[in-house]
Amino acid sequence: MRLYDTATRSLQELPPPPGPVRMYFCGPTVYQRIHVGNARPFVVSMWLKRWLERSGYDVNLVENITDINDKIYAAAPGNSGELAADASRWYIEDTEKLGLGRPDHEPKATETIPQIVALIEELVEGGHAYPAGGDVYFRVPSFADYGRLSGRHGDDDAMRNPSEEEERSELKEDPRDFALWKAHKEGEDTWWDCPWGRGRPGWHIECSAMAEAFLGPAFEIHGGGIDLVFPHHENEIAQSRSAGREFARIWMHNGMLRLAGEKMSKSLGNIVSLREALDRWGRETLLVYFLGGHWRKPIDYSDEVLEQAAAQAESFRNVFRSGSEPVGEWEPFAAALEDDFNTAEALAVMHGWRDHDLLRRGLEVFGLETLAEAEAAPVELEGLARRRADARERKDFAEGDRLRDEIEAAGWEVRDVDAEPGFQLVPKAPTWRRRP
RNA sequence: GGCGCCGUGGCCGAGAGGUUAGGCAGGGGCCUGCAAAGCCCCGUACAGCGGUUCGAAUCCGCUCGGCGCCUCCA
């Protein structure tokens with residue numbers, strides 16, 4: 001199994017099964033419902049976990065929830081705690097509907113405060129961090145490899161970590177230094193007391209602490225959106241490595257989702273929530289949509305593309321509606337996934353399969369085995385279809401066609417087949433197919 | 001400006017020095033009372049300009065265009 005690693009910009013081989021494969025993926029910051037773009041790392045990591053497990057690996061996947069930060073304070077002045085708790089539930093609820101199972105651990109930053117504080121203390125003792133004005137900052141010059149992951153070297157300007165508030169930047173020894181702990185400010189309703197006074201953790205330190213808490217000092221894969229490379233992941237590396245932890249070996253960064261050519265993001269406001277997308281297209285279409293593009297590449301979110309994904313999902317359903325034929329091989333499918341988890345190619349391979357068992361096994365990797373399930377038509381439609389079959393028997397095609405129209409009006413489609421009882425009722429394919 | 005990624009047939013999208021990607025849409029055919037589904041056939045694509053090579057969509061250079069990060073962000 002090979003995966004592309006951002007740090008070395010090359011494919012890296014995973015140890016052979018059973019591994020272990022310990023993975024940490026950066027989850028969302030919760031203060032509203034997550035959008036479709038936020039779902040990508042969740043989907044990719046769950047698919048990867050499922051695939052590795054069925055390949056005999058011992059997988060431990062951690063996906064955190066960031067439930068404390070400035071955005072959350074700002075979104076719910078005075079009761080940010082409740083908002084974070086609600087939004088965490090929404091996140092679980094929405095991703096649950098994808099039907100891919102859950103990561104092994106989904107820790108929240110607010111539940112990891114003791115470990116965070118301990119790690120900061122260790123960094124201070126080691127000379128890699130210093131308290132200043134109630135804050136604690138990481139001393140970037142103390143970590144020689146700073147900038148390596150993101151390819152920023154020797155250019156201090158590009159590596160600055162601006163403080164959110166200008167006035168606090170003078171507390172820093174170096175403009176590249178970043179906050180590990182932030183002093184409590186007026187109006188912030190969630191805080192903890194710690195050796196440096198009342199406050200709350202900075203954004204990056206939580207991931208260093210949570211990864212270690214659940215995976216130990218060294219682990220195989222760290223993932224997240226490519227927009228996290230700098231400064232988030234760069235800073236995580238600085239913290240953990242300075243504290244003597246080996247930290248992540250392979251860095252997986254997924255490409256962004258684009259809406260009308262622009263990155264879908266909360267700050268730009270060009271968002272489609274995962275919930276809306278799920279309501280409109282259904283989980284199967286959404287999953288096929290994600291399957292169609294390599295995880296590292298950006299993908300566009302548009303009606304046209306989703307319609308195409310829906311049509312593909314339908315074509316898989318049709319395979320199960322006709323007889324199974326021994327057509328297809330597992331090998332090329334597995335090879336595609338083992339080569340940098342190329343789901344687009346794996347999808348192409350599955351399109352050639354006519355063997356029900358094989359196809360179901362393939363779809364199962366991606367949580368799409370539901371495409372194999374036949375939907376039972378209402379009994380009254382069953383009756384109409386039977387009458388239509390009789391009419392056709394009598395060569396009363398006018399009556400037959402009338403009954404067919406009636407069935408179609410109810411949203412179902414009759415297909416004549418050889419097998420008993422001579423017809424098949426399937427839900428009418430989505431009608432947003434376009435004409436030229 | 002710095003650091004990266006990318007430009008593939010109507011649309012989506014893999015691949016990567018020489019061999020059919022695949023899907024969606026479209027055209028033709030088989031099947032069907034007519035359909036639907038399925039099956040068969042069809043478009044001969046890789047931004048542009050140079051270079052390397054026996055051979056490049058795949059390597060190198062330049063140009064044009066798009067995107068991401070350098071501020072919170074999956």
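Just so you know, these numbers come straight off a predicted model, no measurement behind them. First the proteins, then the strands, lettered A, B, ... as listed; each starts at 1.
- When each of L171(A), N161(A), V140(A), D135(A) is tested with D177(A) by the rule side chain to side chain contact (heavy atoms under 4.5 Å, CB included), just one qualifies, namely V140(A).
- Within the nucleic acid shown, I34(A) has no heavy atom closer than 4.0 Å to any nucleic acid atom.
- Summarising the geometry, the separation between CD1 on I407(A) and P on rA35(B) is reported as 18 Å, rounded to the nearest angstrom.
- R404(A) comes within 4.0 angstrom of a nucleotide base, judged by non-hydrogen atoms across all strands.
- Going from the P atom of rC12(B) to that of rG18(B) covers 26 Å, rounded to whole Å.
- To the nearest whole angstrom, the two P atoms, one in rG13(B) and one in rC6(B), are 14 Å apart.
- Note that K266(A) lies in the cation-pi zone of Y31(A), set by a 6.0 Å cut-off to the ring centre and a 45° limit from the axis.
- In this structure, I299(A) places its CD1 atom 16 Å from P of rC6(B), rounding to the nearest Å.
- Salt bridge D70(A)/R200(A): present, at least one basic N to carboxylate O contact under 4.0 Å.
- At the heavy-atom level, S302(A) lies nowhere under 4.0 Å from the strands shown.
- Side-chain contact check for R275(A) and S273(A): no donor-acceptor pair (N or O, by modelled atom type) lies under 3.5 Å.
- Distance, L48(A) CG to rA74(B) P: 20 Å, rounded to whole Å.
- Here F341(A) and W47(A) keep their ring centres 6.0 angstrom or further from each other.
- When ring centroids are compared, H351(A) and F316(A) come within the 6.0 Å threshold.
- Below the 3.5 angstrom threshold, one finds no donor paired with an acceptor across the side chain of R321(A) and the base of rG38(B).
- If you look at F219(A) and F247(A), their ring centroids are closer than 6.0 Å.
- The residue G293(A) sits close only to the backbone: its heavy atoms come under 4.0 Å of sugar-phosphate atoms, none of a base.
- Closest-nucleotide positions on RNA chain B for Q312(A) and A398(A) were compared, and the one nearer the 5' end corresponds to Q312(A).
- Counting any heavy atom pair closer than 4.0 Å across all strands shown, K71(A) reaches a base atom.
- Within a 6.0 Å sphere centred on CD of E93(A), heavy atoms belonging to other residues, nucleotides or ligands number more than 12.
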Check nucleotides 67-70 of chain B against the protein and report each pair of N or O atoms closer than 3.5 Å, with its distance, or say if there are none.
from	atom 1	to	atom 2	distance (Å)
rG68(B)	OP1	K263(A)	N	3.1
rC69(B)	OP1	K263(A)	NZ	2.3
rC69(B)	O2'	R152(A)	NH2	3.3
rC69(B)	O2'	F230(A)	O	3.4
rC70(B)	O4'	R152(A)	NH1	3.1
rC70(B)	O2'	A158(A)	O	2.8

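- Side-chain proximity of D416(A) to the nucleotides rA74(B), rG33(B), rA35(B) is greatest for rA35(B).
- Salt bridge present: R404(A) and D401(A) bring a charged side-chain N and a carboxylate O closer than 4.0 Å.
- Residue-level contact check: V414(A) touches the bases, meaning some heavy atom is under 4.0 Å from a base atom.
- Atom CD1 of I68(A) and atom NZ of K108(A) lie 12.5 Å apart (nearest 0.5 Å).
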Distances under 3.5 Å only, N/O to N/O: pair up the protein atoms with those of nucleotides 15-18 of chain B.
from	atom 1	to	atom 2	distance (Å)
rG15(B)	OP1	N342(A)	ND2	2.9

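- Residue G27(A) is in sugar-phosphate contact alone, with no base atom involved, counting any heavy-atom pair closer than 4.0 Å across all strands shown.
- Taking the P atoms as reference points, rU58(B) lies 11 Å from rG7(B), given to the whole Å.
- Put simply, CG on D355(A) is 16 Å from C1' on rG38(B), counting in whole angstrom units.
- For A348(A), the listed nucleotide lying nearest its side chain is rA21(B); candidates were rG4(B), rA21(B), rG38(B).
- A salt bridge does not link E53(A) to R50(A): none of the charged nitrogens lies less than 4.0 Å from a carboxylate oxygen.
- Taking atom CD on E338(A) and atom P on rA14(B), their separation rounds to 20 Å, with Å as the unit.
- Checked for salt-bridge contact, R280(A) and D303(A) meet the test: a charged N lies under 4.0 Å from a carboxylate O.
- Where V36(A) and L347(A) each meet RNA chain B at their nearest nucleotide, the meeting point lying more 5' is that of L347(A).
- Salt bridge status for K428(A) with E413(A): absent, with no side-chain N to carboxylate O gap under 4.0 Å.
- D401(A) comes within 4.0 angstrom of a base, heavy atoms only.
- The separation between F290(A) atom CZ and rA74(B) atom P is 14 Å, rounded to whole Å.
- Ranking rC24(B), rA36(B), rC72(B) by closeness to the E413(A) side chain, first place goes to rA36(B).
- Atom-to-atom, CE of M350(A) to P of rG23(B) comes out at 13 Å; the value is rounded to the nearest Å.
- Phosphate proximity of rA74(B) to T29(A): present, with a side-chain N or O under 4.0 Å from OP1 or OP2.
- Atom pair E206(A):CD and rA74(B):P shows a separation of 11 Å (rounding to whole Å applied).
- In this model, a side-chain donor or acceptor of R388(A) finds a partner on the base of rG33(B) within 3.5 Å.
- Under 3.5 Å, the side chain of S150(A) and the base of rC3(B) form no donor-acceptor pair of N or O atoms.
- Comparing atom distances between the N318(A) side chain and each of rA36(B), rA74(B), rG38(B) picks out rG38(B) as nearest.
- In RNA chain B, the stems built from three or more successive Watson-Crick or G-U pairs (distances below 3.5 Å) are B:1-7 with B:64-70, B:10-12 with B:22-24, B:26-30 with B:38-42, B:47-51 with B:59-63.
- Because its NZ or CZ atom is not both nearer than 6.0 Å to the ring centre of F423(A) and within 45° of the ring axis, R388(A) does not count as a cation-pi partner of that residue.
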